[in-house]
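Nothing here was measured: the structure is a model prediction, and the numbers come from that model. Hydrogens, waters and symmetry mates are skipped; everything else that's a heavy atom, side chains included, is used.
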Amino acid sequence: MKWYKKLYLGESIKQEKWVRFQIAFGKKPKGYYCISLSNCRENLLDIYPSQFLRTPDMNTDGIYIVGLASDKTEAFDVVRDIIEDVYVHTRGFDIKSYLGITV
């Protein structure tokens, strides 16, 4: 699991470092949603519940997290904000290039 340096955050996320620590190393962080770049060519972003990322069967090596939210509705708002930023600045939808991510 990799983290974008300037994460997009939902309005209710107040302690970004603590939330990141809970997701990366906590046993069962509840109530958070991670927005990541999609590995599927047809999708732009994926939304994962944080407890799903900590299951033993989940391979998190290819996940690049670019946003955090505290609930599903807020996660959709964060996704909208990311896509809106990318489109306004580039008139396209290449999120990786806009964020400067080389994967």
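- By the 4.5 Å heavy-atom criterion applied to side chains, Y8 and I35 are not counted as neighbours.
- Across every non-hydrogen atom of C34 and I23, the tightest pair is SG-CD1, 3.7 Å.
- Residues forming a ring-ring contact (aromatic ring centres under 6.0 Å, His included) with F21 (at least two apart in sequence, or on another chain): W18, F25.
- Using a 4.5 Å heavy-atom threshold, the side chains of I83 and L45 count as touching.
- Once rounded to the nearest 0.5 Å, the distance linking CD1 of I82 with CG of D77 reads 11.0 Å.
- Shortest non-hydrogen contact noted between Y33 and D71 is CD1-C, 3.5 Å.
- Each of L68, V66, I63 was scored for a side-chain contact (heavy atoms from CB on, under 4.5 Å) with W3, with one residue passing: L68.
- Residues L7 and I13 form no side-chain contact, since every pair of their non-hydrogen atoms from C-beta on lies 4.5 Å or further apart.
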Q: Decide yes or no on side chain to side chain contact (heavy atoms under 4.5 Å, CB included) for M1 and I65, but give the supporting numbers first.
A: CA-CA 7 Å; M1 185 174 354; I65 298 174; 3.4 Å; yes

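- Atoms CD1 and NZ, on I101 and K2 in that order, are 10.0 Å from each other to the nearest 0.5 Å.
- Counting all heavy atoms, side chain and backbone alike, S50 lies closest to G31 at OG-N, 4.4 Å.
- Residues satisfying the side-chain hydrogen bond (donor to acceptor under 3.5 Å, both in side chains) test with N39, not counting sequence neighbours, are none.
- Applying the side-chain hydrogen bond (donor to acceptor under 3.5 Å, both in side chains) rule to S12 yields the partners S70, E74; only residues at least two apart in sequence or on another chain are considered.
- In this pair, Y4 and Y64 present their aromatic rings tilted. The plane angle is within the 30 to 60° band.
- Side-chain contact between K72 and I47: absent, with no pair of heavy atoms (C-beta onward) separated by less than 4.5 Å.
- For the atom pair CG of L44 and NZ of K96, the computed distance is 10.5 Å after rounding to the nearest 0.5 Å.
- Of all the heavy atoms in N43 and S38, the pair that sits closest is CB-OG, 3.3 Å.
- Between atom CZ of residue F76 and atom OG1 of residue T73 there is a gap of 7.5 Å, rounded to the nearest 0.5 Å.
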